[in-house]
Trainee: 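Once you've had a glance at the structure underneath, I'll fire off some questions.
The structure presented is a predicted model; accordingly, all values stated were derived computationally and were not measured. Protein chains get the first letters and strands the later ones, always in sequence-line order, with residue 1 at the start of each.
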Amino acid sequence: MRKASPHIASNAALGFGLGLRTDHYEAILNGPEVESGHDAWPIDWFEILSENYMVGGGKPLHYLDRIAERYPLVMHGVSLSIGSTDPLDRAYLIQLKALAERVRPRFISDHFCWTGVAGRNLHDLLPLPQTDEAVRHVARRVREVQDFLGRQILLENVSSYLTFKHSALSEWDFIRAVAEEADCGLLLDVNNIYVNSRNHGFDPQVFLEAIPKSRVQQIHLAGHSQQGTLLIDTHDAPVPEPVWALYASALQRFGKVPTMIERDDHIPELPVLLAELDRARAIAASVETSAAAVPDRSEASIALGASSCAAATAS
Amino acid sequence: MRAAPLLTPLQTRMQSFLLFAGNDLDGLVVGDDIADAKTRLGIYADAYRLRLAEVLRNDYPVLHRVLGDDAFEALAFGYIAAHPSDTPSVRWFGRHLAQHLRIVHPAQPQLAELAAFEWAQGEVFDAPDAPELMLEAMAQIPPDAWGGMRVLLHPSVRRLSLSSNVAAQLAAHNRDEKLPQHQAMPRADWLLWRQDQMIHWRALGVEEAAALDAVQSNLGFGELCERLCEWIEPDEVALAAAGLLKRWIGDCMVSELEFE
């Protein structure tokens, strides 16, 4: 088992953030109304969608620079396509690195997914088969990306609506194996865990218990919608009660982790999202984080899992 | 023994399923009591087309208004099938729509013009930043340097040739007004640029269009003046050309003056 590199655990105090959306640019820069008695919004950081700022200039970079002067930023991408069998897109990585040099983000993240092959991009976070082959493939590419960027990245668990026949590992075993093999961090999307637990019929607590504590660097919270018997990760609604409950469980296991609210559609005024952020803060404050005193069972099981995996490969 | 590599054929088959909706994916995906395999795959197939159609709606809001929901959706689905994305960012997905419209709606060239105008607006919006020359710079041009001087335009500057009233439709849309009906117009050159982070546009007279042609062909100011002599008396052309330069600088369209 590889130990998580020391520096990925240095951002616990980052606090509570929001996804940066164009609808809020002016409100963020203008600050709250004078009557509120505050001279700045109670937002600790913003997460930017990296691809939105891979442009030459104009308003996107104008606002980005001004907001970066006032708030810490993290970068979250959707096009790394870390699981694709196409070669890594070198031009994309160059743009990603240039953006990182511009905004100096606390984290750079993307997803456990692939977005296309043969030079195509389907602009969806497509699921991977959970196989040993995919673990090796993704881990090798993560290491390559980290070497290029000169830093660790985080990968986020995605919502999924199907299971491939060939999948031999659970989602959590797959994530854990890649994270350990690649020595990367994890961005835990609590809504996605809940959505997948409903879509694939598993206990989300089992997922949480299997994830190594030291790898979890950031948490996403969001809403979803129902389509027939499946839940869809639409990010167009407030965080629902079952996701808040699962968030409390996650904090009990992982301790203080920078947390943000993601809203990509039906985006409300900033104060509505701040109310959700306040709820996240309240949950974090109320959770007894005895994480340090509790042995991390997932990390013990990784060692066993790695041995049995090696044995299986040798045979 | 390791299992045979699965990832490449799996991704190829799934991508084909999404791009060409409906090819055979039997046996690749597991169904269960919650949802069968077809339903599960259908989530991805629907999401693919609907997501990209939404991207096009956001990039072409006026075209969407002109066509209405159903016709725009049909156009979008046709475009998605004909031009699968090959860039990491959806920002560039819709860049072929004007060309696509020329093929699928050849009898309505105004639709392609409208798409070209809306796409050009997007290019102006996030074109690279560059210095913007101040008017004082004109006073510092040495008298004997004017002839060989080259004007470097700001990267946001775009030109369009239009023969319909799409600019009026854009303007009405921006004012939240009812869109004027399509109307054929005498063909004219249009100029789009960014100033103070806002997108501006205006029609060009024939002289200014010729002057900008010279600038964009990297000709010197002397050659620019020679071209203008087609419309302007030789003893007035230098003043007229300087007037154009002053207007361009005032509009923040000039990044640099380059001297030989």
Side-chain angles (χ1 to χ4, degrees), chain A residues 50-63 77-81 83-86 89 91-92 95-96 114-124 126-129 131-134 137-138 160-168 198-201 227-230 232 265 313 315, chain B residues 1-16 18-19 25-37 39-44 46-48 51-52 54-55 84-93 122-130 154-156 194 197-199:
Chain A
S50 305
E51 289 77 7
N52 287 355
Y53 301 93
M54 292 179 179
V55 295
K59 266 188 186 173
L61 295 181
H62 169 80
Y63 280 106
V78 292
S79 294
L80 183 59
S81 200
S84 171
T85 49
D86 270 5
D89 183 339
Y92 173 80
Q95 286 186 295
L96 192 68
W114 61 286
T115 63
V117 287
R120 300 296 186 208
N121 194 328
L122 302 171
H123 300 291
D124 199 355
L126 299 169
L128 287 158
T131 62
D132 289 339
E133 178 200 9
H137 177 74
V138 174
S160 74
Y161 313 106
L162 60 75
T163 302
F164 291 109
K165 185 183 76 177
H166 300 85
S167 288
R198 290 280 305 274
N199 289 348
H200 302 297
Q227 186 173 320
T229 53
L230 297 172
I232 310 295
D265 207 354
T313 304
S315 65
Chain B
M1 190 178 73
R2 282 183 181 171
L6 165 78
L7 264 181
T8 301
L10 179 148
Q11 293 181 349
T12 303
R13 284 181 68 192
M14 182 150 179
Q15 177 161 295
S16 294
L18 295 174
L19 289 177
L25 270 187
D26 278 353
L28 201 63
V29 170
V30 178
D32 57 20
D33 292 345
I34 299 171
D36 60 28
T39 302
R40 291 176 178 280
L41 279 163
I43 299 284
Y44 288 95
D46 292 344
Y48 169 64
R51 179 180 300 105
L52 291 179
E54 186 182 0
V55 168
S85 177
D86 57 4
T87 60
S89 172
V90 288
R91 163 72 183 86
W92 309 109
F93 171 63
E123 291 186 330
V124 172
F125 173 78
D126 58 15
D129 294 318
H154 191 274
S156 70
R194 186 171 77 220
Q197 304 298 346
M198 303 295 288
I199 299 165

Trainee: Indicate the atoms forming the closest heavy-atom contact of Asp86(B) with Arg120(A), along with that distance.
Mentor: CB-NH1, 4.1 Å
Trainee: Pick whichever of Val117(A), Asp89(A), Asp86(A) has the most heavy-atom pairs under 4.5 Å with chain B.
Mentor: Val117(A)
Trainee: Can you tell me which portion of Leu122(A) sits under 4.5 Å from chain B's heavy atoms? Options are side chain, backbone, both or neither.
Mentor: both
Trainee: Ile232(A) versus chain B, heavy atoms under 4.5 Å apart: side chain, backbone, both or neither?
Mentor: side chain
Trainee: Take Met14(B) and Leu162(A), measure what side-chain contact (heavy atoms from CB on, under 4.5 Å) needs, and give me the verdict at the end.
Mentor: CA-CA 12 Å; Met14(B) 182 150 179; Leu162(A) 60 75; 3.9 Å; yes
Trainee: Show the nearest heavy-atom pair for residues His123(A) and Thr87(B), with the distance to one decimal.
Mentor: CE1-O, 3.2 Å
Trainee: Of the non-hydrogen atoms in Asp129(B) and Gly58(A), which two are nearest, and what is the gap between them?
Mentor: OD1-N, 2.9 Å
Trainee: Just how far is it from atom CG of Asn121(A) to atom OG of Ser89(B), taken to the nearest 0.5 Å?
Mentor: 9.0 Å
Trainee: Pick one of side chain, backbone, both or neither for Thr131(A), based on which atoms fall under 4.5 Å of a heavy atom in chain B.
Mentor: side chain
Trainee: Which one of Gln11(B), Arg51(B), Arg194(B) has the most heavy-atom pairs closer than 4.5 Å to chain A?
Mentor: Gln11(B)
Trainee: Within this structure, what is the CG-CZ distance for the pair Leu28(B) and Phe164(A), rounded to the nearest 0.5 Å?
Mentor: 5.5 Å
Trainee: Among Ser84(A), Gly201(A), Gly228(A), Ala118(A), who wins on heavy-atom pairs under 4.5 Å with chain B?
Mentor: Ser84(A)
Trainee: Which region of Ala35(B), side chain (C-beta onward) or backbone (N, CA, C, O), has a non-hydrogen atom less than 4.5 Å from a non-hydrogen atom of chain A, or is it both or neither?
Mentor: both
Trainee: Between chain A and each of Val90(B), Val124(B), Leu52(B), count heavy-atom pairs under 4.5 Å; write down the option with the most.
Mentor: Val90(B)
Trainee: Less than 4.5 Å apart, side chain to side chain, heavy atoms only: is that true for Tyr48(B) and Asp124(A)?
Mentor: no
Trainee: Measuring heavy-atom distances to chain B, does Gln95(A) have an atom under 4.5 Å in its side chain, in its backbone, in both, or in neither?
Mentor: neither
Trainee: What I want to find out is whether Lys59(A) reaches Asp126(B) closely enough, with some N-O distance under 4.0 Å, to be called a salt bridge.
Mentor: no
Trainee: What's the shortest heavy-atom distance between Leu7(B) and Thr85(A), and which atoms?
Mentor: CB-CG2, 3.6 Å
Trainee: Considering non-hydrogen atoms only, spot the tightest contact between Arg40(B) and Asn199(A) and give its length.
Mentor: NH2-O, 2.8 Å
Trainee: Among Ala47(B), Ser85(B), Ala37(B), Pro84(B), which residue forms the greatest number of heavy-atom pairs with chain A at distances under 4.5 Å?
Mentor: Ser85(B)
Trainee: Name the region of Ile43(B), side chain, backbone, both or neither, that has any atom closer than 4.5 Å to a heavy atom of chain A.
Mentor: side chain
Trainee: Using modelled atom types only, decide if a donor and an acceptor are shared between the side chain of Glu133(A) and the backbone of Leu6(B) within a distance under 3.5 Å.
Mentor: yes
Trainee: State the CD-OG1 distance between Gln15(B) and Thr115(A), to the nearest 0.5 angstrom.
Mentor: 9.0 Å
Trainee: Can you find a pair of side-chain heavy atoms, one from His166(A) and one from Val30(B), that are under 4.5 Å apart?
Mentor: no
Trainee: Is there a donor-acceptor pair closer than 3.5 Å between any side-chain N or O of Ser79(A) and the backbone N or O of Pro88(B)?
Mentor: yes
Trainee: Can you see which heavy atom on Tyr44(B) is nearest to which on Leu126(A), and at what distance?
Mentor: CD2-CD2, 3.6 Å
Trainee: Using a 4.5 Å cut-off on heavy atoms from C-beta on, say whether the side chain of Glu51(A) contacts that of Arg91(B).
Mentor: no
Trainee: Would you mind checking which part of Ser160(A) comes under 4.5 Å of any heavy atom in chain B, side chain (CB onward), backbone (N, CA, C, O), both or neither?
Mentor: both
Trainee: Taking side chain as C-beta onward, heavy atoms only, is Phe125(B) less than 4.5 Å from Pro60(A)?
Mentor: yes
